[in-house]
Amino acid sequence: MSRIQAVKGTREFYPEEMALRNYIYEKVRAASQSFGYQEWDGPFIESIDLYAAKSGEELVRKQSFVFEDRGGDLVTLRPELTPSLARMIAAKQNELTFPLRWWSFGPFWRYEQPQKGRTREFFQWNIDMLGVDSPEADAELIAVAVTFLRSVGLDPRQATVFVNNRAFMNSQFDVLGIPREKWPDVSSLIDRRSKMEAAKWDAYALEIGLSQKQLDGLKTLLGDFDLWKKSEELVRLFTALDALGVRDYVKFDPNIMRGLLYYTGTVFEAFETSGSLRRAILGGGRYDNLLADVGGKPLPATGFAMGDVVIGIVLQENGLLPEFVPTPAPVLVTVFDKTLSMKSYALANELRRAGINTAVYPEPAKLPKQFKFADKMKMRVALVLGPDEVEKGRVVVKDLSNGSQQTVEKEATVQTVREILESKSAR
RNA sequence: GUGCCUGUAGCUCAACGGCAGAGCGCCACACUGUGGAUGUGGAUGUUGUGGGUUCGAAACCCAUCAGGCACCCCA
C-alpha cells in the first residue's frame with residue numbers, strides 16, 4: 001500500500017474507541033472530584049532540559065520524542081507530567097493554597113517499542129496532593145485509585161493495589177548490613193524478582209555484592225507479608241485505608257519497589273489479579289524531595305499515574321466495557337420522498353429546539369434502508385412523515401426498542417417522543 | 001535499541017511451489033409506507049511494501065514497514 005499510514009505507536013480513535021476514552025476520562029474526573037481535587041494541565045511540548053534534571057537518563061535519552069524547533073531549540077513531546085507540575089507549583093508557591101490537590105488527564109508520548117498495553121502515544125491520569133507529609137495523605141490517594149477501580153466495575157478479586165514503603169525497606173536493608181550505596185541495586189533486584197528464575201535471581205544477587213547471609217535475610221523479608229506491622233507509617237496507612245473504606249482492595253507486598261528514583265516513602269501499584277496482562281494499571285507513591293530538586297522550596301508530595309491503554313484492555317478482558325451507542329441522537333426523522341423532505345427537516349428542528357438530539361436521514365431513500373440505519377446507530381425513536389400524515393397534520397412515532405408505533409397529532413410529537421425516551425428500553 | 005514470531009477480502013482464518021477460498025460482516029432483492037429474523041443473489045483482493053530465486057511465488061531468500069512476545073523501561 002502506498003497510502004501513508006499512521007505514525008508507529010500512535011492511536012486512532014474511531015468513535016467506538018473515542019467513547020471508551022471519554023468513559024475513562026469521565027470516571028477519572030468523578031473519582032478525582034469526589035475527593036475535592038482540581039483539574040489542571042501543563043504544556044504538551046516542553047524543553048528537553050526540564051526532564052534532563054530529574055527524570056532519569058533512560059526517559060530523556062531513549063524514550064522521548066525530541067526535535068529541534070524552527071528556532072533551533074530542542075523540545076520534546078512530554079513523556080510525563082510531574083516535572084511540569086513541579087515547575088508550575090514552584091513558580092506560584094507563595095500564592096497557591098495548600099494543601100493542594102490537583103488532577104489531570106491528557107496525552108503523553110514515549111518512544112518505546114509498542115506492544116500490548118504499551119503504545120507511543122497514550123493518555124494518562126495524574127493526581128497528586130502537595131503540602132502534606134503523612135501516611136494518611138498517601139492513604140487518600142490510594143482511596144482515590146480504588147474509588148476509580150470500583151467505579152469501572154472492578155472488584156477486589158479482579159484488581160488489587162499492592163503497597164510498600166521505600167524508607168521502611170531501606171531501614172530493613174540497613175538491619176541486614178547492606179550498605180547505602182547498594183540500595184538502588186537491591187531495589188532493582190527486587191523489582192526484577194518476579195521476572196527471573198529463582199536460581200538466576202540468587203546468582204544475580206550475589207553478583208551485585210550481597211553476601212549469602214544478606215541474600216537469605218532479604219528473601220525472608222520479601223516473603224514476609226506481615227512485615228508492615230513493624231512500620232509505624234504503614235500501620236497508620238492501613239488504619240486510614242480502613243476508615244476510608246478501601247481496605248479490601250489493598251495488600252502489603254514487600255516486593256513492590258518501583259523503578260523511579262524519586263520515590264521516598266510509600267509506593268503502590270495496582271494490578272489486575274487474573275488477567276493476561278502483567279502490567280501495572282496504575283502506580284505511584286510519595287516523592288518528598290522533587291520540588292526542592294527543581295529549585296522550589298521543599299514540599300512533601302504524593303500521587304500516582306494511570307495510563308489509558310492498560311485499563312482499557314483490563315476493562316475489555318473483564319467484560320466491563322460500557323455499551324457503545326454510536327449516535328448521540330436517539331431520534332431519527334425519516335425522509336419519505338423529495339417533495340416531503342422539508343417537512344421532515346422542519347420537524348427535526350422542532351425536536352431540537354425542544355432539547356432533543358435529532359438526526360434527519362440526509363436524503364430520500366427507501367424506508368427499510370432508513371430504518372436499518374436507525375437500528376445500526378442504536379437510535380430509540382423513528383418518525384415517519386408520509387403523504388397521509390402530512391395531509392392530516394399527524395406524525396408516526398415508532399419506538400424502535402419494541403416495534404410499537406402510534407400516530408399522533410403533529411403538536412404532540414415532542415411530548416410523545418419524550419415519553420418514549422424516558423421510558424425503559426425493551427431491548 | 002536487541003532477539004524471536006506473525007502480516008492473505010472490512011473482520012477471523014484456509015490454501016504452504018501450480019487457476020486465491022470459507023465463515024462472519026457488507027450491498028441488492030424478496031419487502032415500490034417500516035429496522036432486528038429468514039431466504040436468494042452479488043462485490044470482495046496489486047496476498048503489508050520493494051526487490052530476488054524459479055518455467056511458475058501468497059508460499060522460498062533479502063530488505064523494509066507494521067503488529068505480537070521477551071529484554072529494557074514503565075502508565
Side-chain angles (χ1 to χ4, degrees), chain A residues 1-10 12 14 24 28 55-64 78-82 104-127 145 148 188 191-192 195-196 257-261 263 267-272 276-284 303-314 332 334-337 340 361 364-390 396-405 407 426-427:
Chain A
M1 258 185 284
S2 63
R3 249 193 340 216
I4 294 171
Q5 31 185 331
V7 172
K8 182 173 179 165
T10 56
E12 297 188 306
Y14 289 82
I24 292 170
V28 158
S55 296
E57 215 184 326
E58 174 79 18
L59 196 63
V60 177
R61 229 186 56 244
K62 293 176 68 182
Q63 295 195 347
S64 291
R78 61 180 187 184
E80 61 163 337
L81 190 62
T82 308
S104 178
F105 184 83
F108 294 86
W109 295 265
R110 284 188 196 173
Y111 198 84
E112 285 192 286
Q113 206 53 250
Q115 50 188 283
K116 195 175 186 185
R118 209 87 323 181
T119 56
R120 287 184 174 179
E121 183 174 57
F122 56 96
F123 283 76
Q124 194 177 67
W125 174 28
N126 284 269
I127 180 161
F148 170 81
S188 75
D191 229 12
R192 200 167 297 197
K195 291 182 184 168
M196 289 174 83
M257 289 306 280
R258 298 192 52 72
L260 288 178
L261 297 171
Y263 290 112
V267 287
F268 57 93
E269 279 178 342
F271 285 90
E272 181 190 19
S276 65
L277 211 54
R278 252 193 301 163
R279 292 186 184 280
I281 296 172
L282 58 88
F304 69 86
M306 179 188 83
D308 71 316
V309 181
V310 171
I311 187 68
I313 293 170
V314 169
L332 178 74
T334 61
V335 172
F336 193 86
D337 61 29
L340 295 175
Y361 202 85
K366 290 181 182 174
L367 281 177
K369 192 171 177 178
Q370 299 189 44
F371 272 80
K372 273 183 186 168
F373 175 79
D375 193 48
K376 283 193 175 156
M377 297 301 278
K378 291 197 181 164
M379 293 169 146
R380 179 70 193 275
V381 177
L383 304 184
V384 181
L385 263 181
D388 298 350
E389 289 78 22
V390 169
V396 171
V397 179
K398 180 165 181 173
D399 182 345
L400 292 171
S401 74
N402 59 17
S404 70
Q405 71 177 45
T407 304
R427 237 193 297 224

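Order of the sequence lines fixes the chain letters, A, B, ..., with proteins taken first and strands second; residue numbering starts at 1 for each chain.
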Expressed in angstrom and rounded to an integer, what is the separation of [X] atom [atom1] from [N] atom [atom2]?
X: Lys372(A); N: G36(B); atom1: NZ; atom2: P; value: 5 Å
X: Leu385(A); N: U34(B); atom1: CG; atom2: P; value: 16 Å
X: Asp399(A); N: G35(B); atom1: CG; atom2: C1'; value: 12 Å
X: Gln113(A); N: U6(B); atom1: CD; atom2: C1'; value: 15 Å
X: Leu81(A); N: A75(B); atom1: CG; atom2: P; value: 13 Å
X: Leu340(A); N: U34(B); atom1: CG; atom2: P; value: 16 Å
X: Phe373(A); N: G36(B); atom1: CZ; atom2: P; value: 15 Å
X: Ile313(A); N: C69(B); atom1: CD1; atom2: C1'; value: 14 Å

Taking the side chain of [X] as heavy atoms from C-beta outward, which of [options] is closest to it?
X: Lys8(A); options: A75(B), U2(B), G67(B); answer: G67(B)
X: Lys116(A); options: A75(B), U34(B), C69(B); answer: C69(B)
X: Lys366(A); options: C73(B), C29(B), A28(B); answer: C29(B)
X: Gln405(A); options: C73(B), U34(B), G68(B); answer: U34(B)
X: Asp375(A); options: U34(B), G36(B), G1(B); answer: G36(B)
X: Tyr263(A); options: C72(B), A75(B), U34(B); answer: A75(B)

Say you pick atom [atom1] in [N] and the same atom in [M]; how far apart are they, in whole Å?
N: A57(B); M: G25(B); atom1: P; value: 36 Å
N: U40(B); M: A58(B); atom1: C1'; value: 33 Å
N: A9(B); M: U46(B); atom1: C1'; value: 13 Å
N: C27(B); M: A20(B); atom1: C1'; value: 22 Å
N: G18(B); M: U54(B); atom1: C1'; value: 12 Å
N: G50(B); M: A70(B); atom1: C1'; value: 29 Å
N: A30(B); M: G68(B); atom1: P; value: 45 Å
N: U2(B); M: C61(B); atom1: C1'; value: 23 Å

Base, sugar-phosphate or nothing for [X]? Non-hydrogen atoms, less than 4.0 Å.
X: Phe336(A); answer: base
X: Asn126(A); answer: nothing
X: Glu389(A); answer: base
X: Pro114(A); answer: sugar-phosphate
X: Ile311(A); answer: nothing
X: Gly312(A); answer: nothing
X: Lys398(A); answer: base

Watson-Crick or G-U counterpart of [N], or none if no pair lies under 3.5 Å:
N: G36(B); result: none
N: C73(B); result: none
N: G7(B); result: C65(B)
N: G21(B); result: C13(B)
N: A58(B); result: none

Phe122(A) over A75(B), stacked by centroid distance under 5.5 Å, angle under 30°: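 Aromatic stack with A75(B) present for Phe122(A).
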Evaluate Val381(A) against Val397(A) for side-chain contact (heavy atoms from CB on, under 4.5 Å), listing each step before the verdict.
CA-CA 7 Å; Val381(A) 177; Val397(A) 179; 3.9 Å; yes
Can you find a side chain N or O atom of [X] that sits less than 4.0 Å from OP1 or OP2 on [N]?
X: Lys376(A); N: C27(B); value: yes
X: Arg192(A); N: C72(B); value: yes
X: Lys369(A); N: C31(B); value: no
X: Gln115(A); N: G67(B); value: no

Would you say that [X] contacts [Y] through its side chain, given a criterion of any heavy-atom pair below 4.5 Å between the two side chains?
X: Val28(A); Y: Phe123(A); value: no
X: Val396(A); Y: Glu389(A); value: yes
X: Trp109(A); Y: Arg78(A); value: yes

Tyr111(A) or Ser404(A): which one's nearest nucleotide on RNA chain B is closer to the 5' end?
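Mapping each residue to its closest nucleotide by heavy atoms, the 5'-most match is Tyr111(A).
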5′-ward residue of the pair Leu367(A)/Gly307(A) relative to RNA chain B
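Its nearest nucleotide being more 5', the pick is Leu367(A).
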> Can you check side-chain contact (heavy atoms from CB on, under 4.5 Å) on Leu385(A) and Leu340(A), steps first, answer last?
Replying inline: CA-CA 8 Å; Leu385(A) 263 181; Leu340(A) 295 175; 5.9 Å; no
Using only heavy-atom distances, decide whether a donor-acceptor pair under 3.5 angstrom links the side-chain of Arg279(A) to the base of A75(B).
->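 Counting by modelled atom types and ignoring angles, no donor-acceptor contact under 3.5 Å is found here.
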ask   = Can you find an N or O donor on one side and an acceptor on the other, under 3.5 Å apart, linking the side chain of Glu269(A) with the base of A75(B)?
value =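 Between A75(B) and Glu269(A), which were checked side chain against base, a qualifying N/O pair under 3.5 Å is absent.
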task: Mark yes or no for whether Gln370(A), through its side chain, and Ala365(A), through its backbone, hold a donor-acceptor pair below 3.5 Å.
output: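 Side chain of Gln370(A) to backbone of Ala365(A): a pair is present.
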**Request:** Compare every heavy atom of Gly283(A) with every heavy atom of Tyr263(A), then report the nearest pair and how far apart it is.
**Result:**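 Looking at all heavy atoms of both residues, the shortest contact is OH-O, 4.4 Å.
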Taking all atoms of both residues into account, what is the closest heavy-atom pair of Phe108(A) and Glu80(A), and its distance?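 So the two residues come closest at CE2-C, 3.5 Å.
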In terms of ring plane angle, is the pair Trp125(A) and Phe148(A) parallel, tilted or perpendicular, where the classes change at 30° and 60°?
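Judged by the thresholds at 30° and 60°, the geometry between Trp125(A) and Phe148(A) is tilted.
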